[in-house]
J.: 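The structure under discussion is supplied below as structure tokens; questions concerning it will follow.
We're numbering straight along the sequence, starting at 1. What you see is a predicted model; the values in this text were computed from it and never measured.
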Amino acid sequence: MPDRRPQRKDPLPELAAREEALYLRRSSTRFLECAIHLCATHMTLEEVADLLEQEAAQLRRYS
């Protein structure tokens, strides 16, 4: 008689992919924060804010 129990899907690949995506998101955010800090050490805060606004506008335009 064949085994009729449902086969369980291995959750590990999905969990690993989700955790990797979260890690990359955190790393990217941390990198951005460091880049902003670097800009702020060599530019006025107003210049940094203007630069970030220009970058945000470009991202919105092409998204």
Side-chain angles (χ1 to χ4, degrees):
M1 185 165 214
D3 186 4
R4 297 194 186 262
R5 288 180 288 179
Q7 296 293 326
R8 291 190 179 201
K9 182 180 166 190
D10 183 10
L12 192 54
E14 185 178 321
L15 178 61
R18 186 170 55 241
E19 289 301 315
E20 179 183 24
L22 289 171
Y23 167 77
L24 291 173
R25 184 180 178 106
R26 285 191 309 269
S27 295
S28 297
T29 300
R30 198 164 293 128
F31 180 86
L32 177 61
E33 290 169 347
C34 290
I36 292 169
H37 184 279
L38 179 62
C39 288
T41 61
H42 302 286
M43 302 164 67
T44 67
L45 293 182
E46 184 69 25
E47 290 172 322
V48 176
D50 289 343
L51 176 61
L52 291 171
E53 287 170 351
Q54 292 168 13
E55 292 296 324
Q58 188 174 17
L59 287 171
R60 287 185 183 100
R61 186 173 26 247
Y62 294 108
S63 65

J.: If you measure from CD1 on Ile36 to CE on Met43, what distance do you get to the nearest 0.5 Å?
T.: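 Reported to 0.5 Å precision, the distance equals 11.0 Å.
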J.: Any chain of hydrophobic side-chain contacts (each under 4.5 Å) joining Leu32 to Val48?
T.: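 Linked within one cluster.
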J.: Looking only at heavy atoms, what is the nearest atom pair of Ala40 and Leu45, with distance?
T.: CB-CD2, 3.9 Å
J.: Enter the distance from Arg30:CZ to Arg25:CZ here, rounded to the nearest 0.5 Å.
T.: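 Going from the CZ atom of Arg30 to the CZ atom of Arg25 covers 13.0 Å.
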J.: Suppose we screen for side chain to side chain contact (heavy atoms under 4.5 Å, CB included). Which residues come up paired with Ser27, at least two apart in sequence or across chains?
T.: Tyr23
J.: Just to verify, what does Leu12 make a side chain to side chain contact (heavy atoms under 4.5 Å, CB included) with, not counting sequence neighbours?
T.: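 Listed in chain order: Asp10.
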